[in-house]
Each structure stands twice: as C-alpha cells, then as structure tokens.
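Worth saying up front: this structure is predicted, and the values here are computed from it rather than measured.
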Amino acid sequence: MNRRHVLGLAGAGLLAPHVLRAQTFPDRPLRLIVPWPPGGSTDTIARLFQPRLAEVLGRPVIIDNRGGASGATGAIEGARAPADGSTWMFVYDTQATNETVMRLPFRTMEAFVPVSLAASGPLVMVAHQSTPFTNFQQVVDAARRAPETLNYATSGVGGLAHVSTTLLQQQGNFRIVHVPYRGGGPAVQDAVAGHVPLFMTNVVIVSQHIRNGVLRPLGVTTRGETRHVPNTRSFAQQGFGDFEAPTWWAMLGRAGTPEPLVRRMHEALSRVLNEPEVKSRIEEQGCDIVASSPEECRRFIEAEVAKWARVITDNNIRADS
C-alpha cells in the first residue's frame, strides 16, 4: 500500500483507527509500571534489565513503582494508560490471581496485551534461624498440635505465595495463620528480623539471607529440587503429591497498543534478557530466564488464572481475608 493510497483511504474514512496511529514509540520516555514497592522481586528484576532495555530501544525507560493491593493498584493504573506504546507493565504472579480475589475494573487478558513471560522460579518456605524448624514436616506437626497459632508471611493477600500455601494446608490437613504484607520488601524485613517465624516467597528476595543462614529453607514449589535452593526438597517430594506452583514475572502492554510496537518491545526485551551479563545477574537472584513469545505468555497466564481460580474459590480467599 503506497503513501498516496493510504492518504486516499484515510480521507475516505476507510482505515481503522489503529492504522492511522503512529507506528513508532511516542517521542518521550517510556513508562514501565512496576505494581510493587521498591525492594521486592519484581522491582529487583526490572532494574536489572531496564538500563539495557533503554539502550536497545534508543529511548529512556523510567520505572514507576505503584505498589498496593497485591499489585492491583499499579495494574489499574496500567489499564487506564493510553494504548500508544508509551506505557508498559512488568508484573508478578498476582496478575493471574487478583481478578478472582478482587473486584477489578478489568480482566487481565482483555485489558493488556502480553509481551513476554520474562522469568520463572521457585517459591520457597523459609523459617527464621531462631525457630526450631529444620524441615517442613515439623511445621505441619506443630500446626496440627496447635492449629492457627503459627504465623507465615507473604507479600500480600491472594498472591501465589498465599494461594499455594492455602493449597498445601488443604492437602496436608493443617492450619497456619496468614500475615500479608504490602509487598515483598516489607515482608522480608520482618522475616529477617524474626518478627514472623515463616515466610513463603520467591527466592529472589531471600537468596542472600538463605546463604548467610538467617533464613532456613524448608521446601520449594517446583516439582523437584532446584539449583536455586540447593539441598532443599520440593513439597511434592515431601508427601504433597504432584504439588507445583512456580512463580513468574511478565511484561505486558496496554490492549490496543499497535502490534509493531508490541513486536518491537518483545524483540528488545528478549534480546536483553538473553544477553549473558543480564541473564546471569537475574538468574543468580533465584529464577530462570524464559523470554517467551507473546502467544506463549498469553497461554501461560490464561492457564494460571484458571488453575488458581479454583483454589481461591474453594477456600473463599478474598482481598479482606
């Protein structure tokens, strides 16, 4: 289609609005919403790839932390952003659970377009070094002796850490008390200080505390053992059947963003995530680079929404629970 033909169709009103929009990024810094406070895993990973992403795209990429409501506050902000390629969002696993846990003004796969499943990794249950727990069975035994007296922290209500621990309790017939925080950063501070005895979290924000012995790993949510938490058996290996609940991070754009811009963002992010230096820096935090295609990302998130919706509904998990 040559320029004269395009102008003719435009004058006749026969071109769709998205064709008439500019197919280049807006001439201003790109905004990358991280719907969590600084210090959590999503923020940590985003800041490891953000400088190189800006270089590859040839324009500034500014991280905008919008924490609150287990990632929902930032996601609502992202859903209201213009679909012009100026705003993107780097999300955590709660993006697949929040729409069942909360009453949101959008559905994820309708409000956003997937760019890439960036990384995945294990969740780990850790105990503070001051506790007597050296394996997960001891936690189960203690909880059965005195139900709902033992506390565990997560980064918020309805996230994968909360929902997967609920499933563990359901399968193992024991009860521990959920203590939700406003993000992984505040939760890990209290866990390291010993203010809460147990913490279910991704490995990214606790790896250094595991290495220095302050936090003791009791089990991981991968199907088997993982290199990210050496010498720690999975929950499946500890008698919880085929239990599996890997955590993940993904890049999304606003639905309606011109396809060439989504493709350009995917190509740039995939390139950056697979660069040896960036990849090693992220993976040494406790996860594995995926860098999936947009369609693979869509299928994965849709499957996660369906899988965990059943657990959330069966256990009546709500934003105020």
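Between Ser292 and Ser116, the shortest heavy-atom distance links the atoms O-OG, 3.0 Å.
Among pairs with a residue in residues 256-277, none fulfils ring-ring contact (aromatic ring centres under 6.0 Å, His included), at least two apart in sequence or across chains. For residues 99-118, the set of pairs meeting the ring-ring contact (aromatic ring centres under 6.0 Å, His included) definition, not counting sequence neighbours, comprises Phe106-Phe112. Applying the ring-ring contact (aromatic ring centres under 6.0 Å, His included) definition to pairs two or more places apart or across chains, those involving residues 290-310 are Trp248-Phe300. Residue pairs satisfying the ring-ring contact (aromatic ring centres under 6.0 Å, His included) criterion with at least one member in residues 50-88, sequence neighbours excluded, are absent.
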Exercise. Going through the distances and angles, do Phe136 and Phe235 end up as a ring-ring contact (aromatic ring centres under 6.0 Å, His included)?
Worked result: CA-CA 8 Å; Phe136 190 65; Phe235 294 108; 4.9 Å; yes
Exercise. After noting the C-alpha distance and the side-chain angles of Glu283 and Arg227, does the key distance pass the salt bridge (charged side-chain N to carboxylate O under 4.0 Å, His left out) rule?
Worked result: CA-CA 10 Å; Glu283 291 195 338; Arg227 65 188 177 95; 3.3 Å; yes
For this session: Begin with the C-alpha distance, continue with both residues' side-chain angles, and end with the deciding distance and a verdict on side-chain contact (heavy atoms from CB on, under 4.5 Å) for Ser86 and Arg31.
Result: CA-CA 6 Å; Ser86 63; Arg31 178 190 185 198; over 6 Å; no
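Grouping Ile, Leu, Val, Met, Phe, Trp and Tyr residues whose side-chain heavy atoms lie under 4.5 Å apart, directly or via other members, places Tyr181 in a hydrophobic cluster with Val179, Val196.
No side-chain heavy atom of Ser41 sits less than 4.5 Å from a side-chain heavy atom of Trp36.
Evaluation of the ring pair (Phe, Tyr, Trp, His ring centres under 6.0 Å) rule for Phe49 yields Phe90 as partners, not counting sequence neighbours.
For the 3.5 Å distance criterion, the side chains of His228 and Thr226 fail to qualify, holding no donor opposite an acceptor. For Thr247 and Asp93, the side-chain atoms include at least one donor-acceptor pair closer than 3.5 Å.
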